[in-house]
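Reviewing the structure listed below.
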Amino acid sequence: RVPLVEHGSAMGLHRWIWDMRSDATYVDVENPGRNVSGPRGLPGRYQVKLSVGEETASRIVETAADPAIPLAIADREYRHQFLTAEAKTLGLVRSATGAVEDVSEFLKNAKESLLLADSAPEDLHERLAEMSDSISHLTREFAGLERTISGVYNNVQRSTALPTQDQELAARWAAGKFDDLYRELRHLVNDELPTLSRAMTEARAPAFPGSAIVALPNADIPQLPQRL
């Protein structure tokens, strides 16, 4: 799908150049270097619409196949489906990593607050330490997973061939690994954090920045295509 682009409406000539990529699967406003662009579109016919106020104009444009990628139509489609799935998976991993960072920051602030509480029970300190260990584990695991998926995605994009068998195996392993890690993160966010927050309140720990409510991304990992 061609991305929706909002452009200036001042009088005069405007130009926008499409890089032939589909919508981004992850956008980091504070760190654009972590954005995940979709793969380049397949050759074919596309409808382009221009809307100004209530006026809309449209036309069909046709893109040609890149001669540097000598693949049959079916192989091009498989390669595009594979890249699309990897872009979405990488976007999910980076979204989940953001949630992990939010939890880590919350636990850091909770630890500092608990040190100021006069009568915090020892088991609360132990629970907080266990959760900190869990989030450190998830931080390392998601970082490794991101490197794997990013490597596969970028290497296939730079190649003019189909994904290799090793790249396909790595992609399928990464999808399964994400499911496992996401279950751990979901348990931490949905079960452990609210329990800790209530215990902190009961221990009369001083208020601290951050929230025990952490937004999790939609965890629907896209299905990788089957090679015909």
Problem set entry | Cluster check M20, V48: I/L/V/M/F/W/Y, side chain < 4.5 angstrom | yes
Exercise. Nearest 0.5 Å, what's the CG-CG distance between L114 and L124?
Worked result: 4.5 Å
Problem set entry | Heavy atoms from other residues, nucleotides or ligands near CD of E62 exceed 12 (cutoff 6.0 Å) | yes
Exercise. Side chains of L216 and Y182: closer than 4.5 Å at any heavy-atom pair?
Worked result: yes
For this session: Show your working on side-chain contact (heavy atoms from CB on, under 4.5 Å) between E112 and F208 and close with a plain yes or no.
Result: CA-CA 9 Å; E112 294 175 357; F208 56 90; over 6 Å; no
For this session: Ignoring hydrogens and angles, tell me if any N or O in the side chain of R21 forms a donor-acceptor pair with the backbone of S37 under 3.5 Å.
Result: no
Exercise. Would you say the side chain of T195 lies within less than 4.5 Å of the side chain of R198, judging by non-hydrogen atoms?
Worked result: yes
Exercise. When you look at CD1 of I213, are more than 12 heavy atoms from neighbouring residues, nucleotides or ligands closer to it than 6.0 Å?
Worked result: no
Exercise. Which pair of non-hydrogen atoms, one from A203 and one from A117, has the smallest distance, and what is that distance?
Worked result: O-CB, 4.0 Å
Exercise. What do you reckon, is CG of L116 surrounded by more than 12 foreign heavy atoms closer than 6.0 Å?
Worked result: yes
Exercise. Okay, side chain of T56, backbone of V52: is any donor-acceptor separation there less than 3.5 Å?
Worked result: no
Exercise. Between T63 and G44, is there a donor-acceptor pair closer than 3.5 Å when you use the side chain of the first and the backbone of the second?
Worked result: yes
Problem set entry | Side chain to side chain, L83 and Q157, heavy atoms closer than 4.5 Å | yes
Exercise. Taking the side chain from E146 and the backbone from A143, do they hold a donor-acceptor pair closer than 3.5 Å?
Worked result: no
Exercise. Taking T89 for the side chain and A85 for the main chain, is one N or O donor matched with an acceptor at less than 3.5 Å?
Worked result: yes
Exercise. Around R59, counting heavy atoms of other residues, nucleotides and ligands shown, do more than 12 lie under 6.0 Å from its CZ?
Worked result: no
Problem set entry | Backbone N/O of H80 and side chain of R40: donor-acceptor pair under 3.5 Å | no
For this session: Report yes if some heavy atom in the side chain of L224 is under 4.5 Å from a heavy atom in the side chain of F82; otherwise report no.
Result: yes
Exercise. Is the side chain of R79 donor-acceptor paired with the backbone N or O of A161 at a distance under 3.5 Å, no angle test?
Worked result: yes
Exercise. Can you tell if the side chain of M200 reaches within under 4.5 Å of the side chain of S113, non-hydrogen atoms only?
Worked result: yes
Exercise. How far does CZ of R76 sit from CG of L42, to the nearest 0.5 angstrom?
Worked result: 8.5 Å
Seminar exercise, completed: So OG of S150 and CG of L90: to nearest 0.5 Å the spacing works out to 5.5 Å
Exercise. Taking S197 for the side chain and L193 for the main chain, is one N or O donor matched with an acceptor at less than 3.5 Å?
Worked result: no
Problem set entry | Donor-acceptor under 3.5 Å (T25 side chain, A87 main chain) | yes
Exercise. Are R34 and N31 close enough that a side-chain donor and a side-chain acceptor fall under 3.5 Å?
Worked result: no
For this session: Look at K177 together with E141 and state whether they make a salt bridge at an N to O cut-off of under 4.0 Å.
Result: yes
For this session: Just do the side-chain contact (heavy atoms from CB on, under 4.5 Å) check on L107 and L196 with the steps written out, would you?
Result: CA-CA 9 Å; L107 294 178; L196 175 67; 3.6 Å; yes
For this session: Indicate if F178 and W173 have the same hydrophobic cluster label, given that clusters are the connected sets of ILVMFWY residues with side-chain heavy-atom separations under 4.5 angstrom.
Result: yes
Exercise. Minimum heavy-atom separation for V214 to V189, with atom names?
Worked result: O-CG1, 3.5 Å
For this session: Could you pull out all residues at least two apart from D28 that satisfy salt bridge (charged side-chain N to carboxylate O under 4.0 Å, His left out)?
Result: none
Exercise. CZ of R172: more than 12 outside heavy atoms within 6.0 angstrom?
Worked result: yes
Seminar exercise, completed: Rounding to 0.5 Å, atoms CD1 (I135) and CG (L138) come to a distance of 5.0 Å
Exercise. Run the side-chain contact (heavy atoms from CB on, under 4.5 Å) check on H137 and D133 step by step: do they pass?
Worked result: CA-CA 6 Å; H137 163 74; D133 288 343; over 6 Å; no
Problem set entry | Separation between OH of Y78 and CG of L71, rounded to the nearest 0.5 Å | 12.0 Å
Exercise. Does S136 reach the main-chain N or O of S132 with its side chain, forming a donor-acceptor pair under 3.5 Å?
Worked result: yes
Exercise. Are any of the side-chain heavy atoms of D66 and I69 separated by less than 4.5 Å?
Worked result: yes
Problem set entry | Gap between atom CD of E168 and atom CD of E86 - 0.5 Å precision | 10.0 Å
